[in-house]
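Below is one structure, written out as structure tokens; comments come after it.
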Amino acid sequence: MQKPLPPAADERRLALFSVLAQIPEGRVCTYGQVAELAGLGRAARWVGRTLSTLPEGTHLPWHRVIAAGGRISLPAGSASGSEQRQRLAAEGIVLHNDRVNLRRYGWP
DNA sequence: TTGGTGACTAAAT
DNA sequence: AATTTAGCCACCA
């Protein structure tokens with residue numbers, strides 16, 4: 001007997017990547033928003049966990065995904081955290097007290 | 001199967 | 001504003 005059903009993890013990842021690729025440069029999106037746009041419901045945690053498994057050389061704009069309220073989940077001291085802040089700044093996103101103004105940079 | 005965990009979120013204190 | 005509580009989804013020992 002074959003397995004009942006292969007894990008749909010790849011499809012979910014593809015859905016996530018699809019949404020991720022749609023985030024325009026200079027804009028940001030929250031984990032929860034990305035999850036919902038990808039049709040994953042309230043899988044905000046899963047989104048974060050999935051992004052953590054991305055290869056280093058990925059071309060996906062993972063840095064445009066931040067936490068609710070414009071907060072940045074990654075520690076400022078970590079390699080990924082500083083890289084994220086650097087990339088956001090490079091796109092013209094100004095951080096105020098380590099936070100992003102979602103009214104201004106939020107997407108959609 | 002169960003319990004612990006994480007780049008989460010919203011509401012309550 | 002900061003901390004706690006509870007809910008959420010998927011992964012792993």
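In what follows, chains carry the letters A, B, and so on, assigned in the order in which the sequence lines appear, proteins first and then strands, with residues in each chain numbered from 1.
Taking atom P in both dA6(C) and dA7(B), one finds a spacing of 23 Å when rounded to whole Å.
Contacts with DNA chain B (heavy atom under 4.0 Å) in residues 60-89 of chain A: W62(A), A67(A), A68(A), S73(A), L74(A), listed by number. Using a 4.0 Å cut-off on heavy atoms, the residues of residues 46-59 of chain A that approach DNA chain C are W46(A), R49(A), listed by number.
Taking the salt bridge (Lys or Arg N to Asp or Glu O under 4.0 Å) definition, one finds that R99(A) meets it with nothing, sequence neighbours left out. R85(A) is linked by a salt bridge (Lys or Arg N to Asp or Glu O under 4.0 Å) to D98(A), counting only residues two or more places apart in sequence or in another chain. The salt bridge (Lys or Arg N to Asp or Glu O under 4.0 Å) search around E36(A) returns none, not counting sequence neighbours.
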#### Entry: nucleotides 1-6 of chain C: protein proximity per nucleotide (B base, S sugar-phosphate only, - neither; heavy atom, under 4.0 Å)
------
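We find that R64(A) and E91(A) are joined by a salt bridge, their nearest charged nitrogen and carboxylate oxygen being less than 4.0 Å apart. Salt bridge status for R87(A) with E83(A): present, with a side-chain N to carboxylate O gap under 4.0 Å.
Between the CZ atom of R12(A) and the C1' atom of dC8(C) there is a distance of 14 Å, rounded to whole Å. Between the CG atom of L40(A) and the P atom of dC9(C) there is a distance of 11 Å, given to the nearest Å. In this structure, E36(A) places its CD atom 10 Å from P of dA10(B), rounding to the nearest Å. To the nearest angstrom, P of dA10(B) lies 14 Å from OH of Y31(A). Taking atom CZ on R13(A) and atom P on dA10(C), their separation rounds to 13 Å, with Å as the unit.
H63(A) and Q86(A) share no side-chain donor-acceptor pair at under 3.5 Å.
In this structure, N101(A) and V94(A) have side chains that are not in contact, with every pair of non-hydrogen atoms separated by 4.5 Å or more. Taking the side chain as every heavy atom from C-beta outward, T58(A) and F17(A) never approach each other to under 4.5 Å. Side-chain atoms of L102(A) and T30(A), non-hydrogen and from C-beta on, do get closer than 4.5 Å to each other. Between R12(A) and L40(A) the shortest side-chain heavy-atom distance falls below 4.5 Å.
A donor-acceptor pair under 3.5 Å links the side-chain atoms of S82(A) to the main chain of S78(A), judged by distance alone.
One finds no side-chain N or O of R42(A) lying less than 4.0 angstrom from the OP1 or OP2 phosphate oxygen of dG7(C).
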